[in-house]
Every structure is written in structure tokens, then in C-alpha cells.
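Every heavy atom of this structure was used, including side-chain atoms; hydrogens, water molecules and symmetry mates were not.
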Amino acid sequence: MPTTPSSREFNHDTSGAKKAALSGPVFITGRGRPAHVLLSIDDYQRLAGGSASIIDVLAMPEAEGIELDPPRTDIKTRQVDLS
């Protein structure tokens with residue numbers, strides 16, 4: 001059975017909703033109707049296809065141990081006439 005707090009209940013017990021999201025989606029209601037869904041990051045990534053951008057990965061706290069050695073890019077420049 002999914003957890004379904006109202007917006008007010010969610011605001012008063014955010015940590016409880018986060019814990020509940022580890023077991024499945026939390027449907028947050030507004031005026032009695034589902035308005036938002038809170039998911040664990042694992043569930044979100046599974047739904048989103050599991051691929052994150054390099055920026056997302058490097059922004060994660062555990063990215064400290066990731067080694068990144070991208071290839072150098074050769075940028076060609078040219079003279080510009082500003083007269």
C-alpha cells in the first residue's frame with residue numbers, strides 16, 4: 001500500500017516521507033488529489049533509464065574517487081577583422 005500524505009502532513013514529517021520512499025513511491029496530495037510523487041534515487045534512476053550526465057555524477061559526494069582524463073580538444077582559431 002503506497003504512502004499518501006497530504007501536503008500539510010508532508011511538510012510536518014518530511015523525514016517520515018523520505019523513509020517511506022525507500023519502500024516505494026510516496027504520493028503527496030493537494031486538496032485530496034495526487035499532486036507529487038516522492039521516489040528514492042534508485043527508483044528514480046531506474047525509471048529515468050539509469051543514465052546520468054557526467055555533471056550529475058561529478059556533483060555526487062561519492063565522486064571524489066572518480067578519475068577523469070578526457071581527451072584534449074584542438075580548437076582552431078582564426079583572425080577576425082573588426083574594422
Q: Of Leu38, Val37, Thr4, which is the lone residue that meets side-chain contact (heavy atoms from CB on, under 4.5 Å) with Val26?
A: Leu38
Q: Please table the atom pairs, donor to acceptor, closer than 3.5 Å between any side-chain atom in residues 12-25 and protein atoms at least two apart or in another chain.
A:
residue	atom	partner	partner atom	Å
Asp13	OD1	Gly16	N	3.1
Thr14	OG1	Phe10	O	3.1

Q: Please tell me whether Ser40 and Asp42 have a donor and an acceptor in their side chains that are separated by less than 3.5 angstrom.
A: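 No pair is found: no donor N or O on one side chain lies under 3.5 Å from an acceptor on the other.
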Q: Would you say the side-chain atoms of Glu9 pair up with the backbone N or O of Ser6, donor to acceptor, closer than 3.5 Å?
A: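 Indeed, once roles are kept as given, a pair shorter than 3.5 Å links the two residues.
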Q: Would you say Ile28 ends up clustered with Ile41 if hydrophobic residues are merged whenever their side chains have heavy atoms under 4.5 Å apart, either directly or through other cluster members?
A: no
Q: Name each donor-acceptor pair under 3.5 Å that joins a side chain in residues 71-79 to protein atoms two or more places apart or in another chain, with its distance.
A:
residue	atom	partner	partner atom	Å
Asp74	OD2	Lys76	NZ	2.6

Q: Show the nearest heavy-atom pair for residues Ser7 and Gly30, with the distance to one decimal.
A: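 Closest approach of Ser7 to Gly30: OG-CA, 4.1 Å.
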Q: Thr29 side chain to Gly32 main-chain N or O, any donor-acceptor pair under 3.5 Å?
A: no
